[in-house]
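The next block holds one structure in the form of structure tokens; read it before the comments.
Here is how names work: the chains are called A, B, and so on, in the same order as the sequence lines, proteins then strands, and each is numbered from 1.
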Amino acid sequence: MSRSPVSDGGLRERILQETGVNTARCYQCGKCSAGCPMAAETRWRPHDVMRMVNTGAVGPLQDDPSIWLCLACETCASRCPNGCDPARVIDALRERFAREAPGGVPRPVAAFHRAFLDQVRRHGRSFELGMVMEYKLRTGALTEDALSAPGLLARGKLSLTPSRISGIGEVRRIFDACTGSAGTGAGGTGAGGDDR
Amino acid sequence: MRTGYFPGCSLHGTAREFDESLRAVAGAIGAPLAEIDDWNCCGASSAHVVGQRLAVALPARNLALAEAQGVEQVLAPCAACYNRLAKARRVIEEDEALRREMPELLGRPFGNRVAVRNILEFLTDALPVIEARLVHAFGGLPLACYYGCLLVRPASVTSAEDPEHPTAMEQIARACGAAPVTWHMGLECCGGSLSVSRTGSVIRLGRAILEDARKAGAEALLVACPMCHSNLDFRQRAMTRDGRPPIPVLYVTELVGLALGIEPRRLGLDRHFVSPAPLLARRGQAPAGGRH
Ligand code: SF4
Ligand code: SF4
């Protein structure tokens, strides 16, 4: 039978409901973290995340970029001997944190997702040049080489104009229904909702 | 069986040569592709950060379009699109409430009836035809088959025969006369989703992949994912320590196209950053020229 976590009543149960992942099955063997490609750069690794969810003490995850660096490569999920899925749990936490404390999302990460989804909402497809320009504006990384446009242009890999689909209205309705923020762009990636 | 074609954003942009080589190969093996009309972006690595519903609904619209177009399966050559489409299909299959909600959310009829296939499945099905029409086999070219993440993981989505030891790409390479090497990094992540926002991580991960391929004696990398390709080709210079020879990164469709005798330019081989021309000349395939 489940025991109530200390600092967040029922986080584990809510994660179970949301994701179908029973974190209580985790026995902290660390196999997930051993294969995690980002473990070399993160303070909290997938097995730490599982433990924190089980104890309900996820505060440290909110004060650190670790979970935002997860690549969703699913290596952890495919190697866990207990069928746990740390990647899915991390996704659920990101969704929750972005909603509750958007300030904690590392700026470049939030800016990238935001810029990407804005293009999709606007055109129905990603428009790389527009995405990179928006990303640079959002991060202030004006000199940084996000994508070398001249090299891509010379190879015919970069279009200068977006291609807008004719069902763009459908796509926007999907965005509105799923982000619950009609008319506020992609929203929800945690960059703050007031800058559009 | 009629196959719908979902190119996705990358194949219309930075991965144009994947689209060009696929179309050329499909034509050569007599498997015409019908592009899904008015398809939209699958949401790639961003929609699921916002929420699962968006990550499911964006791909689902494409599945609904495919259904309306009367195809039974959709080919999504981009590994990321494939993963998103296949995952959406499965999530909807398992969640009855979501399934009932879909037609209203999409504003379209939706029966979740269309199967989603990746490029390796498509080429594996075509192997007998490819073998029969081979005109330019690679004489034992040592290749590192690089799967990355999205073609194999999670197994519940990809239906990979063995997510820790897939062999489909090796079989295709062998059919073209190449000799896949044994190496360690074939299933590691290239860092795709952080490519723009944290390039340093991508350089670190890519360098390890390239070094291991070199150590195993590979003369080229074989990939089936636009994100892997752009990381390992476009950013290779930053990943390579002084003096190491560059290592071309080929799409699996480019390899098959060459083996079928299709002109390198029609396969988009002149669009790469690391030119495959020296390798092709060395291996008796026509040089690709370049746009450098
Ligand atoms: S591999 Fe599974 S059981 Fe082991 S620590 Fe990670 S989540 Fe827990
Ligand atoms: S999915 Fe995320 S946590 Fe899991 S192994 Fe990959 S990067 Fe690490």
Worksheet entry | Atom group of A:Arg88 that falls short of 4.5 Å from chain B, counting heavy atoms | side chain
Fill in: chain B contact residues among residues 27-36 of chain A, heavy-atom distance under 4.5 Å
none
Item to complete: Let me know if B:Ala155 has heavy atoms under 4.5 Å from chain A in its side chain, its backbone, both or neither.
Response: neither
Item to complete: Could you look at B:Leu106 and say if it's the side chain, the backbone, both or neither that has a heavy atom under 4.5 Å from chain A?
Response: both
Worksheet item: Of all the residues in residues 73-86 of chain A, which have a heavy atom that comes within less than 4.5 Å of a heavy atom in chain B?
Response: A:Cys73, A:Glu74, A:Thr75, A:Ser78, A:Arg79
Worksheet entry | Contacting moiety of A:Arg173, where chain B heavy atoms sit under 4.5 Å | neither
Worksheet item: Among all residues two or more places apart in sequence or in another chain, which pass the side-chain hydrogen bond (donor to acceptor under 3.5 Å, both in side chains) test with A:Arg94?
Response: A:Asp91
Discussion item. Counting only non-hydrogen atoms closer than 4.5 Å, does B:Glu164 touch chain A with its backbone (N, CA, C, O), its side chain (CB onward), both, or neither?
Written reply: side chain
Discussion item. Looking at B:Phe273, I'd like to know if the NZ or CZ of A:Arg155 sits under 6.0 Å from its six-membered ring centre while staying within 45 degrees of the ring's axis.
Written reply: yes
Considering only distance and modelled atom types, tabulate donor-acceptor pairs under 3.5 Å from the side chains of residues 96-105 of chain B, sequence neighbours left out.
residue, atom, partner, partner atom, Å
B:Arg99, NH1, B:Glu93, O, 2.9
B:Glu101, OE2, B:Arg53, NE, 3.4
B:Glu101, OE2, B:Arg53, NH2, 2.3

Worksheet item: Where does the angle between the aromatic ring planes of B:Tyr251 and B:Phe18 fall among parallel (under 30°), tilted (30 to 60°) and perpendicular (over 60°)?
Response: parallel
Worksheet entry | Heavy-atom contact with chain B under 4.5 Å, split by part of A:Ile90 | neither
